[in-house]
Amino acid sequence: MSTHTAPASLGTPEKQITLPFSKAWEISMKSIKIRLGRSLITASGIMLGIAFFSSVRTVVLFPITQTGAAAEAARSRHSFLAIMALLVCFVGIMNSMLMSVTERFREIGTMKCLGALDQFIVTLFIIEAGIMGLFGSMIGWFLGWLIMVIPHMFGGGAHDLNRAFFGGSLAQAAQSVAIGLVITLIACIPTARSAAKMPPAAALRSEI
Amino acid sequence: MAANEYVVRTKGLVKEFRMGEESVRALNGVDLDIKRGEYLSIMGPSGSGKSTLFNAIGGLDKPDSGSVFINDVDMAQLDARELAYLRCHTIGYIFQTFNLLPSMTALENVTLPTVFAGLTTDDGIERGIEVLNLVGLGHRLHHRPTQLSGGQQQRVAIARALANNPSIVLADEPTGNLDLKTGEEIIALLRELNKKQGVTIISATHDYKMVDVSDRVVWIRDGKIAKIEERADIELAVGTIKDETAH
């Protein structure tokens, strides 16, 4: 170490602050692991929401027994349930994200003291939320699917589980995961962004 | 250059906080010049404004009026990126509550500022080990904060503050959460780093043990500088200060 100091002229282009993606990934994974309990709760929130959504959607793949107006009513009922599932899911995830960001104000303030840009903080939360959203949604889809398929199978509908059904299921899986991921990110990004914008002093003051 | 003698200068700092209907002036016109390489303590009772001054000097909070110059650069003129650069390279922070990241080991905590500074992983680790050795924690590289004592955590925090070779180390009540003996060790370490590395140390504190090692002590009261004492005066007066203001 030496006594020389940074020159007075700040802000020249070569003076960059960096956070390589590999490092951000590493930090986020560590964060998830150290708070495994909380991470699992957040992920299960996503999982249950998507499981609900997926179960409602899977039913649509079975052959319709009703006809005419009854079929129409069943269809709109399913759409309503699917939308409700997503709403419940969104509120649950929003709550989890608010909690997980708020309880880490001090960490956010500390990182900013070490030279982190606001964007780094947001990136770290996006990676964390993304991982939880992805796995939560995947497991959630499968759970919702299974809950509908197993009773249907044992209820004498095994012959319905044909090629078209599995094709449809696959499409729905992709849809469920995409929706779960998007909902998670919509909940996460504004929350993380407003936390990252706080002056470090305010973030460090918070007692939680 | 004469101007370069001062690493930090503040001019007419004012900061108000809203408390419901009333607004409280935490800082009420603070002018302070801090010399390069000195060990300066900002003393004052709780609520005197010393933490607010600390935050203003460290660029952690914006004053309502007045300016802070770090190495002759007006902090108010910096954009977010330049401010982050300043926090990363020029200032090291130490806190009462240590503020280590719980998910990371001692070495990873110390290496983080070098990541932001753009060092390669290998260089960062090399630097991290170097500063951890400097604070006497070379044997605790891979321990997490929860596996370290308070004094050890504060040493890690000091090592982290030094990671990018800052010209200033800002310490906010660094001994506030430590017992007497550990606090003395931390103060001795800060003084040693100040002497050997030439880093300017600015410490907001109400720990009288800090007075003994300071080159200058700035007394803050009601958001204003009550008095500034040089080392020579302090040594004579330290006994009476303790009697006067102990509470």
Side-chain angles (χ1 to χ4, degrees), chain A residues 1-24 26-36 39 103-121 124 128 196-208, chain B residues 4 7 36-37 51-52 54-56 58-62 70-73 77-93 95 97 99-104 108 112-113 115-118 121 130-131 134 144 160 162-168 172 193 196-200:
Chain A
M1 260 196 282
S2 66
T3 55
H4 77 266
T5 53
S9 59
L10 289 164
T12 43
E14 72 270 20
K15 291 191 166 174
Q16 288 297 317
I17 297 286
T18 62
L19 181 62
F21 185 76
S22 61
K23 282 283 174 190
E26 207 183 305
I27 295 170
S28 297
M29 288 307 282
K30 277 183 194 134
S31 265
I32 291 180
K33 276 189 208 145
I34 200 88
R35 274 174 277 265
L36 197 61
S39 310
E103 72 179 1
R104 282 154 72 186
F105 273 171
R106 195 196 289 261
E107 263 183 58
I108 294 171
T110 304
M111 286 219 191
K112 287 185 75 172
C113 286
L114 301 180
L117 294 168
D118 295 1
Q119 188 51 50
F120 297 177
I121 311 287
L124 292 175
E128 265 181 59
K197 261 195 204 149
M198 284 167 81
L204 289 168
R205 248 198 310 272
S206 69
E207 294 282 344
I208 290 179
Chain B
N4 211 26
V7 66
R36 193 171 300 285
S51 285
T52 312
F54 175 93
N55 287 336
L60 305 182
D61 213 354
K62 283 196 175 77
I70 304 282
N71 290 323
D72 292 326
V73 176
Q77 305 298 321
L78 302 179
D79 63 26
R81 192 168 279 275
E82 290 164 334
L83 204 54
Y85 186 89
L86 181 85
R87 292 190 195 120
C88 186
H89 288 264
T90 313
I91 306 176
Y93 303 86
F95 304 97
T97 48
N99 289 2
L100 299 177
L101 299 173
S103 58
M104 300 185 188
E108 287 163 349
L112 190 58
V115 172
F116 295 152
T121 307
E130 188 186 334
V131 279
L134 196 68
R144 282 187 204 291
R160 183 177 66 182
L162 294 172
N164 286 333
N165 255 325
S167 41
I168 308 160
D172 190 8
L193 294 168
K196 288 195 180 153
Q197 318 286 339
V199 57
T200 308

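In what follows, chains carry the letters A, B, and so on, assigned in the order in which the sequence lines appear, proteins first and then strands, with residues in each chain numbered from 1.
For chain B, the option among A/G115, A/A202, A/A203 with the highest count of heavy-atom pairs below 4.5 Å is A/G115. When A/E26, A/Q119, A/K33, A/M111 are compared by the number of non-hydrogen pairs under 4.5 Å with chain B, A/M111 comes out ahead. Ranked by heavy-atom pairs shorter than 4.5 Å toward chain A, the options B/L100, B/T52, B/V115 are led by B/V115. When A/P199, A/A201, A/P20 are compared by the number of non-hydrogen pairs under 4.5 Å with chain B, A/A201 comes out ahead.
In this structure, CG on B/N164 lies 12.5 Å from CD1 on B/I91, to the nearest 0.5 angstrom. To the nearest 0.5 angstrom, B/L134 atom CG is 8.0 Å from B/K196 atom NZ. Interatomic distance, A/E128 CD to A/I32 CD1, rounded to the nearest 0.5 Å: 5.0 Å. Put simply, CG on B/L83 and CD1 on B/I70 are 9.5 Å apart, with the number rounded to the nearest 0.5 Å.
Side chains of A/S31 and A/R35: a donor on one and an acceptor on the other come within 3.5 Å.
Proximity to chain A (any heavy atom under 4.5 Å) is restricted, for B/E108, to the side chain, taken from C-beta onward. Using a 4.5 Å cut-off between heavy atoms, B/F54 does not touch chain A at all. Contacts of B/N99 with chain A are made by both backbone and side-chain atoms, with heavy-atom separations under 4.5 Å. A/K23 touches chain B through its side chain: at least one heavy atom from C-beta onward sits under 4.5 Å away, while N, CA, C and O do not. Residue contact with chain B, scored on non-hydrogen atoms closer than 4.5 Å, involves the backbone and the side chain of A/L114 alike.
When all heavy atoms of A/A116 and A/I121 are compared, the closest pair comes out as CB-CD1, 4.3 Å.
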Step-by-step side-chain hydrogen bond (donor to acceptor under 3.5 Å, both in side chains) determination, B/S51 to A/R205: CA-CA 11 Å; B/S51 285; A/R205 248 198 310 272; over 6 Å; no

